[in-house]
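Take a look at the structure below.
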Protein chains: 2
Amino acid sequence: MGVDERRQQLIGVALELFSRRSPDEVSIDEIASAAGISRPLVYHYFPGKISLYEAALQRASDDLASRFVEPPEGPLGARLLRVMRRFFDFVDDHGPGFAALMRGGPAVGSSTTNALVDGVRQAAYLQMLSHLKIEDPPARLELVIRSWISLVESTALIWLDGRRIPRAELEVQLVHDFAALAAVSAAYDQEMAEVLRQGLKDEPGEGPFSDLVVRLVALASPPAV
Amino acid sequence: MGVDERRQQLIGVALELFSRRSPDEVSIDEIASAAGISRPLVYHYFPGKISLYEAALQRASDDLASRFVEPPEGPLGARLLRVMRRFFDFVDDHGPGFAALMRGGPAVGSSTTNALVDGVRQAAYLQMLSHLKIEDPPARLELVIRSWISLVESTALIWLDGRRIPRAELEVQLVHDFAALAAVSAAYDQEMAEVLRQGLKDEPGEGPFSDLVVRLVALASPPAV
């Protein structure tokens with residue numbers, strides 16, 4: 001194998017191990033053994049576990065950021081639902097490593113890893129703007145999108161802790177949460193009301209947002225006693 | 001001064017400095033100078049900057065957790081609004097230190113600091129359950145409360161970055177966001193619908209939740225063209 005090929009193979013092996021268990025618990029010996037090479041040879045390609053972890057995280061970050069990309073066609077709700085499904089696929093595949101990274105800690109919290117996590121958040125933010133077809137977002141829209149992204153992260157972390165709620169339910173819920181947070185902001189701000197109206201104008205009558213509105217109206221109606 | 005008194009004074013001085021600038025930028029020399037004592041005397045009370053930082057963070061965590069405590073009387077919306085005001089007072093007072101802590105990093109990310117942050121989140125979670133008068137929460141309610149707490153944190157962090165939206169607006173918005181996230185969950189779950197109904201049953205006709213509902217209904221109505 002050439003140098004770059006070997007490095008890429010090692011990154012793949014390491015990412016697999018760092019995903020399945022907390023990175024603190026994965027040793028260079030294990031990575032070497034899983035890759036079928038000697039420990040000194042691992043050090044030939046990567047100066048230490050941290051640099052290998054950062055390379056694996058770089059690959060995972062690129063993968064995760066790409067999951068927010070979606071052709072800008074069709075109703076917003078259906079697009080966001082596809083994004084959420086791909087996001088939960090990722091979380092499902094990388095559970096323990098994702099949880100360890102997001103909770104921080106000795107092996108995973110460094111300025112490099114923080115920058116990678118922030119890079120994914122920023123990519124997700126820009127994709128959301130592109131879904132909404134907005135280039136110069138008002139401060140309130142930026143807040144709604146960025147805080148929703150953190151809601152997505154924390155929902156995934158809580159889901160991973162016991163998986164007590166079916167993930168398909170949470171994927172739909174997070175799409176609804178986005179609309180709900182935007183609507184709360186729009187209820188008090190004219191500019192946000194216009195963003196919301198534009199964003200939802202292509203929603204079909206039987207789409208996820210319409211279903212939510214029907215159910216919320218039923219919920220708000222006093223029960224027949 | 002006695003040993004404990006001197007330690008408490010040093011913690012107070014350090015907390016003040018760690019709040020106003022990123023903890024990375026605060027030196028022991030500065031803390032000694034602000035406390036009016038020599039550098040070796042600081043080391044007599046605390047073995048190093050990290051232990052002093054952790055002691056300051058412990059005090060700040062106790063303070064922050066206490067701000068979620070509120071007599072369990074009166075409408076929920078008004079109670080949560082008072083909690084949000086006290087929370088933003090805290091964020092306002094400790095801005096740079098709060099931001100550095102929540103973003104992680106070399107001086108602030110350790111298992112001790114993570115445990116303190118988690119302790120505050122847990123205290124806030126338990127207070128929310130007590131406001132809702134629920135002892136044994138279903139998984140969906142736990143998710144709504146915990147993910148809302150992360151929304152509160154991220155909203156505060158985004159606010160600190162430029163303060164482009166008045167904080168009073170965000171305090172109300174976060175109370176509304178809690179109701180909105182609970183309503184989205186309740187729209188698809190009978191048990192959550194009951195929690196929501198019980199939680200909102202004491203809301204006055206002119207409270208924040210009623211105002212929100214009126215505005216959302218207006219927003220959902222097609223504009224007169």
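Lettering follows sequence order; numbering is per chain, from 1. Computed over heavy atoms, backbone and side chain alike; hydrogens, waters and symmetry mates excluded.
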Query raised in the report: Counting heavy atoms not belonging to A:E191, are there more than 12 under 6.0 Å from its CD?
Result: no
Query - Closest contact, heavy atoms only, B:T155 versus A:S147 - result: OG1-CB, 3.9 Å
Report summary line: If one checks every heavy atom of B:L170 against chain A at 4.5 Å, the contacting part turns out to be side chain
Query raised in the report: Heavy-atom distance under 4.5 Å to chain A: side chain of B:D211, backbone, both or neither?
Result: both
Report task. Among the options B:D161, B:V144, B:D177, B:V172, pick out the one with the most heavy-atom pairs lying under 4.5 Å from chain A. Result -> B:D177
Report summary line: So, the part of B:L200 with a heavy atom under 4.5 Å from chain A: the answer is neither
Report summary line: Contact list (residues 116-137 of chain A to chain B, heavy-atom gap under 4.5 Å, by number) returns none
Query - Heavy-atom proximity to chain A below 4.5 Å, by part of B:E169 - result: side chain
**Report entry** Region of A:L196 in contact with chain B, defined by heavy-atom distances below 4.5 Å
**Finding:** side chain
Report summary line: Output for pair (B:I158 CD1, A:L143 CG), nearest 0.5 Å, gives 5.0 Å
Report task. Tell me the residues of residues 178-189 of chain A whose non-hydrogen atoms fall below 4.5 Å from those of chain B, in number order. Result -> A:A180, A:L181, A:A183, A:V184, A:S185, A:A186, A:A187, A:Y188
Report task. Please tell me if the side chains of A:R140 and B:Q173 come closer than 4.5 Å, counting only heavy atoms from C-beta onward. Result -> no
Report summary line: Heavy-atom nearest pair, A:S150 first then B:S154, reads OG-OG, 2.7 Å
